[in-house]
Amino acid sequence: MLDINLLRNNFKEIKKNLQKKGFEFDEKTFESLDSERKRLQIDTESLQEKSNILAKEVAQEKDQDLKDQKLKDAKKISTDLKEVKAKLDSALEELNNFLLEIPNVLSEDVPDGKSEENNQIIYEKGSIPEFSFKIKDHQELGELSNGINFEESVTIAKSRFVVLRKQIAKLHRALVQYMLDVHIENGYEEIYVPYLVNKNSLVGTGQLPKFEEDLFKISNEEMYLIPTAEVPVSNVYRNKILNSEELPINFVAHTPCFRSEAGSYGKDTKGIIRQHQFDKVELVKFVHPEDSENELDKLTKDAESILNNLNLPYRKVILCSGDTGFASSKTFDLEVWFPSQKTYREISSCSNFRDFQSRRMKIRIKQSKENIFCHTINGSGLAIGRTLAAILENNQTEQGSVIIPEVLVNYMGGTKELNLSR
RNA sequence: GGAGAGGUGGCUGAGUGGUUGAAAGCGCUCCCCUGCUAAGGGAGUAUGUGGUAAUCCCGCAUCGAGGGUUCGAAUCCCUCCCUCUCCGCCA
């Protein structure tokens, strides 16, 4: 959520900024909502004041006639008050709903652009493998030894789910363990959180009210499956005031993520790139506003270190204005190379939300004069399924085996190569 | 799931309809005095929001959340959430 005072005073500038994201800020509606709110609030509060004063006088009035008169007046005010208060409440709600649907403003250094194609490559790292044989995609590789099975997952659930078996399932687990260990080593605190969250948490991080259709909702309760660990982990401190000495706070969490993928029919139907359920190791930071740019770079580097250590070829891009998400002010994507698609695919998305989420969640930092909203930053470190798929594809051999990256060998119980053809 | 108890400021803990935004104690901050294995005195110490650009000033709201009764609610009523104890069930 944006600072309403900023909107009141700088809406020209903000409007221009939001246009780059493809959002048209309706200042007419805003101004009428805000002025209506102001009028009603002033009316309500002055009536309330009168009512409070009269109530005290009634209590102290000894003269019965005067007391009766005051009681009569007080009753009248009370009825009027109820009426204006109701109007104020609905005005405030309307204004709030309006504000909740406004995206975050962009950082100055975010490049202009309409869509994905305008994202800017910052650099490419690692060497793209050359194959002297006809390569298989990760699904084909996984199916060689029934390590990836889509028939069983359809029987159990439906499409866009997967069953992993044997060495592939173990590699999946190894990746989780490895990533957690690296991030803990780098100063992140491991945290385990609920996979079902309430509505307020989703409003807090910005998934609601605008993106309800992307979520799985539990039918018998007002709860949702998490689309990312960002939601429960960020909300750990909702409504809390943090001491500045304890910042930055760094969390790492491994959770499954559930996404309805509404509107992505026919997209990435092959393999495990786009699933309703996938695992992810997520990094979340709560930082002082002054440090957030710097901390975003640090978090992105921490996510990159996994790709580097796994020897996967990847590139770092900065998302252009039109591709930057609703709540983000600036986002770096890390994209890993998929030989079968001859292209880079997103494997991590690292964003600085500034005070957009913390204002919604009411997470503040204790200051001597006025408490301020902290900044939140998060990013994947990394998406497990896609990392698994990338390893299978990039490390395959002509014999249909897959070389295990060195850093994972111990996590695989010493296995250096998966012989999938057997 | 059944029975009972309870949710008050950073913490402990008073308060069952009227200057209570909230006693008291602890903690913390500042000042003064004294000076020595210490202590004493004083002041301050929640959050949000509006009037305003504003540290000051004034108003309004907040005693788990949301409704209700009343001129007036931390105090009474209803719904929900949470915590604790006992029973049941269960990984």
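The chains referred to below are lettered A, B, ... by the order of the sequence lines, with proteins before strands, and numbering in each begins at 1.
- The list of ring pair (Phe, Tyr, Trp, His ring centres under 6.0 Å) pairs with a residue in residues 282-304 of chain A, not counting sequence neighbours, reads Y237(A)-F286(A).
- Contacts of K316(A) classified as side chain to side chain contact (heavy atoms under 4.5 Å, CB included), with partners at least two apart in sequence or in another chain: I122(A), Y123(A), T300(A), E304(A), F332(A), L334(A).
- Shown here are the ring pair (Phe, Tyr, Trp, His ring centres under 6.0 Å) partners of H172(A), two or more places apart in sequence or in another chain: there are none.
- Within the 4.0 angstrom heavy-atom criterion, only backbone atoms of the sugar-phosphate kind lie near K38(A); the bases stay farther away.
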So what is the 5' to 3' dot-bracket string for RNA chain B, if pairs are Watson-Crick or G-U wobble with both distances under 3.5 Å, crossing pairs use [ ] and | means the partner sits on another strand?
((((((((.[[[..)..(.....]]]((((((.......))))))((((((.....)))))).[[[[[..)....]]]]])))))))....
Under 4.0 Å protein heavy-atom contact, by nucleotide of nucleotides 58-67 of chain B - B base, S sugar-phosphate only
-BSS------
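- With both ends at atom C1', the span from C76(B) to U70(B) equals 10 Å, rounded to whole Å.
- Under the side-chain hydrogen bond (donor to acceptor under 3.5 Å, both in side chains) criterion, N308(A) pairs with Y314(A), not counting sequence neighbours.
- Remark: N352(A) pairs with S292(A), E293(A) by the side-chain hydrogen bond (donor to acceptor under 3.5 Å, both in side chains) rule, at least two apart or across chains.
- Applying the side-chain hydrogen bond (donor to acceptor under 3.5 Å, both in side chains) rule to Q277(A) yields no partners; only residues at least two apart in sequence or on another chain are considered.
- Per the geometry, CG belonging to L40(A) stands 15 Å off C1' belonging to G51(B), to the nearest Å.
- Across the protein-nucleic acid pair, L92(A) atom CG and G50(B) atom P stand 9 Å apart, rounded to whole Å.
- Among residues two or more places apart in sequence or in another chain, the side chain to side chain contact (heavy atoms under 4.5 Å, CB included) test is passed with Y411(A) by A174(A), Q177(A), Y178(A), D181(A).
- Using a 4.0 Å heavy-atom distance criterion, I241(A) is classed as a sugar-phosphate-only contact.
- Atom P of G59(B) sits at a distance of 32 Å from the matching atom of C32(B), rounded to the whole Å.
- For residues 47-57 of chain A, the salt bridge (charged side-chain N to carboxylate O under 4.0 Å, His left out) pairs, not counting sequence neighbours, are E57(A)-K70(A).
- For the segment residues 195-202 of chain A, no residue has any heavy atom less than 4.0 angstrom from an atom of RNA chain B.
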Distances for protein N or O near nucleotides 69-73 of chain B N or O, under 3.5 Å:
from   : atom 1 : to     : atom 2 : distance (Å)
C71(B) : OP1    : K75(A) : NZ     : 3.1
G72(B) : OP1    : S78(A) : OG     : 3.1

